[in-house]
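Written below as structure tokens is the structure these notes are about.
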Protein chains: 2
Amino acid sequence: MNPTDPHNSEHRKNIVQLLRSHGISPTVQRVKIASTMLLRPQHLSAEQVLTLTNQTGRPVSKATVYNSLGLFARKGLIRELFVDQERAFYDSSTHPHHHFYNPLTQEICDIDPESVSVNLNAQPPADTEISGIEVVVHLRPKQ
Amino acid sequence: MNPTDPHNSEHRKNIVQLLRSHGISPTVQRVKIASTMLLRPQHLSAEQVLTLTNQTGRPVSKATVYNSLGLFARKGLIRELFVDQERAFYDSSTHPHHHFYNPLTQEICDIDPESVSVNLNAQPPADTEISGIEVVVHLRPKQ
DNA sequence: CTGCTTGCAAAGGCTTTGCAGAACA
DNA sequence: TGTTCTGCAAAGCCTTTGCAAGCAG
């Protein structure tokens with residue numbers, strides 16, 4: 001059995017557990033969407049998730065994909081990325097890490113965590129605390 | 001004469017020069033929009049720029065505000081910020097600096113440049129070079 | 001004159017919502 | 001049986017564009 005096959009039952013069982021552990025009830029559609037998202041480390045737009053998810057089996061509606069991705073992000077299962085104005089991207093890795101972004105190709109890729117460090121000594125404004133740090137390194141074609 | 005009055009002629013002359021030096025022909029509307037934007041260090045949405053610009057004198061259309069802000073950003077006169085999916089923000093300071101962002105209040109504020117440092121040793125992907133680094137520190141209400 | 005700019009309205013693209021039916025507990 | 005979830009279509013919002021009229025050089 002191919003362990004990366006999103007349709008094998010072991011993978012499916014892990015996804016169900018993962019959803020439950022994040023307080024998300026594992027409906028058929030949510031499991032399918034989460035399987036697509038979490039198959040490998042990747043950065044996908046909602047539209048891409050929709051397309052990939054619907055390559056097999058019973059299709060999931062666009063509204064459900066958008067709503068589920070929003071839910072997953074709120075529950076901390078995936079991370080929502082704000083790299084440009086065009087569309088949201090969703091990152092299957094939630095551990096702290098940063099990104100290169102090429103606006104021309106709309107490609108996002110992780111920066112090796114070893115090679116970037118952010119040092120912050122500033123106090124957050126009154127009555128607020130830091131919920132996350134996002135570093136986006138914008139790229140352009142050389143020359 | 002109040003030197004911060006956006007309608008005094010000295011300020012206006014500086015704006016015209018500034019636009020010219022960025023390769024932007026200084027039409028009446030663009031000077032008005034740039035005056036609003038550059039009056040002080042600030043972070044404004046297009047809608048806010050529209051409202052502020054049209055508080056005095058002959059109104060500028062929404063399309064012209066959007067197009068001009070896009071032009072200014074492309075020419076390096078202001079900086080476009082990608083902090084959330086809702087809308088773009090424009091920053092009147094173009095020198096490298098980073099931001100706190102409170103998604104609940106939609107407030108952006110600068111982080112004291114002294115108190116944040118980013119160390120990047122990663123090589124950008126092939127045939128690309130770094131065009132800018134954006135650090136956004138997301139905030140949430142304390143507790 | 002000739003090309004750039006404006007401004008209105010309309011279109012466009014991404015995302016959310018209303019609501020009826022289906023699934024679930 | 002009551003609550004939650006889905007999915008279609010429609011609406012909503014920010015932003016861009018088409019095009020005719022205006023302005024600048």
Side-chain angles (χ1 to χ4, degrees), chain A residues 15-16 19-20 22-37 43-54 57-75 77-90 101 103 106 108, chain B residues 12 15-17 19-20 22-37 43-54 57-75 77-90 101 103 106 108:
Chain A
I15 294 286
V16 169
L19 291 177
R20 286 227 168 85
H22 283 79
I24 302 166
S25 58
T27 67
V28 174
Q29 291 87 344
R30 287 174 182 166
V31 171
K32 229 182 150 205
I33 294 164
S35 294
T36 302
M37 237 359 263
H43 314 93
L44 300 173
S45 66
E47 200 66 34
Q48 290 175 310
V49 174
L50 178 67
T51 305
L52 290 172
T53 301
N54 288 343
R58 192 134 143 292
V60 178
S61 78
K62 183 179 274 203
T64 297
V65 169
Y66 274 94
N67 291 334
S68 299
L69 290 173
L71 178 67
F72 294 174
R74 276 196 310 284
K75 296 291 191 176
L77 186 63
I78 60 179
R79 183 146 76 114
E80 208 167 16
L81 297 183
F82 307 106
V83 294
D84 79 2
Q85 226 32 51
E86 309 279 305
R87 82 206 79 244
F89 285 91
Y90 294 91
Y101 179 58
Q106 294 192 342
I108 299 173
Chain B
R12 196 182 181 290
I15 294 286
V16 168
Q17 273 187 331
L19 291 176
R20 285 228 168 83
H22 283 81
I24 302 166
S25 58
T27 66
V28 174
Q29 291 87 343
R30 287 172 182 170
V31 171
K32 229 183 151 206
I33 295 164
S35 295
T36 302
M37 237 359 264
H43 312 94
L44 300 174
S45 67
E47 200 65 36
Q48 290 175 312
V49 174
L50 178 68
T51 304
L52 289 172
T53 301
N54 288 344
R58 192 133 142 292
V60 178
S61 78
K62 183 180 275 203
T64 297
V65 169
Y66 273 95
N67 291 333
S68 299
L69 290 173
L71 178 67
F72 294 174
R74 276 197 309 284
K75 296 291 191 177
L77 185 64
I78 61 180
R79 182 146 75 115
E80 208 167 17
L81 297 183
F82 307 107
V83 293
D84 79 3
Q85 226 30 53
E86 309 278 306
R87 79 206 79 246
F89 285 91
Y90 295 90
Y101 178 58
Q106 292 193 346
I108 298 173

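All chains are named by letter (A, B, ...) in the order of the sequence lines, taking the proteins before the strands, and each is independently numbered beginning at 1.
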_When the axes are fitted on five pairs at both termini, how much does the helix from C:dC1-D:dG25 to C:dA25-D:dT1 curve, in 10° steps?_
30°
*May I have the distance from A:Leu69 (atom CG) to D:dG7 (atom C1'), rounded to whole angstrom?*
15 Å
_If the condition is side-chain contact (heavy atoms from CB on, under 4.5 Å), which residues does A:Thr51 pass it with, not counting sequence neighbours?_
none
*For every nucleotide of nucleotides 9-22 of chain D, 5' to 3': is a protein heavy atom under 4.0 Å from its base (B), only from its sugar-phosphate (S), or from neither (-)?*
-----SBBB-----
_A:Asp84: which residues meet the side-chain hydrogen bond (donor to acceptor under 3.5 Å, both in side chains) condition with it, sequence neighbours left out?_
A:Tyr101
*Is there a donor-acceptor contact under 3.5 Å from the side chain of A:Arg30 to the main chain of A:Ser68?*
no
Check the interface with nucleotides 2-5 of chain D: list each N/O to N/O pair with the protein under 3.5 Å, or write none.
unit_1 : atom_1 : unit_2  : atom_2 : d
D:dC5  : OP1    : A:Ser25 : OG     : 2.9
D:dC5  : OP1    : A:Arg30 : NH1    : 3.1

*Which residues satisfy the side-chain contact (heavy atoms from CB on, under 4.5 Å) test with B:Arg87, sequence neighbours excluded?*
B:Ser45, B:Phe89, B:Gln106
*asked:* By the 4.0 Å heavy-atom rule, please label B:Pro59 as base, sugar-phosphate, or nothing.
replied: sugar-phosphate
*So what does B:Val28 hit on the nucleic acid, given a heavy-atom distance under 4.0 Å: a base, only sugar-phosphate, or nothing?*
nothing
*asked:* In this structure, how many angstroms lie between the C1' atom of C:dT6 and the CG atom of B:Leu50, rounded?
replied: 14 Å
_So, using side-chain hydrogen bond (donor to acceptor under 3.5 Å, both in side chains) as the criterion, who are the partners of B:Thr64 when residues are at least two apart?_
B:Ser61
*Output all residues satisfying side-chain hydrogen bond (donor to acceptor under 3.5 Å, both in side chains) with B:Glu86, sequence neighbours left out; order by chain, then residue number.*
none
*To the nearest Å, give me how far apart CZ (B:Arg58) and P (C:dT5) are.*
17 Å
_Taking only side-chain N and O atoms of B:Ser61, does any of them lie within less than 4.0 angstrom of OP1 or OP2 on C:dT6?_
no
*Could you check how far NZ of B:Lys75 sits from C1' of C:dC4, rounded to whole Å?*
13 Å
*With sequence neighbours left out, what residues match B:Tyr90 under ring pair (Phe, Tyr, Trp, His ring centres under 6.0 Å)?*
none
*Listed by chain and number, what are the side-chain hydrogen bond (donor to acceptor under 3.5 Å, both in side chains) partners of B:Thr53, not counting sequence neighbours?*
B:Thr36
*How long is the line joining CD of A:Gln48 and C1' of C:dG13, in whole Å?*
15 Å
*Go through the structure and list residues passing side-chain contact (heavy atoms from CB on, under 4.5 Å) with A:Tyr66, not counting sequence neighbours.*
A:Ala46, A:Glu47, A:Lys62
*Can you sort out the partners of B:Val28 under side-chain contact (heavy atoms from CB on, under 4.5 Å), two or more places apart, ordered by chain and number?*
none
*Within this structure, what is the CZ-to-P distance between A:Phe72 and C:dT15, rounded to whole angstrom?*
16 Å
_Spacing of B:Lys32 atom NZ and B:Leu52 atom CG [to the nearest 0.5 Å]_ = 11.0 Å
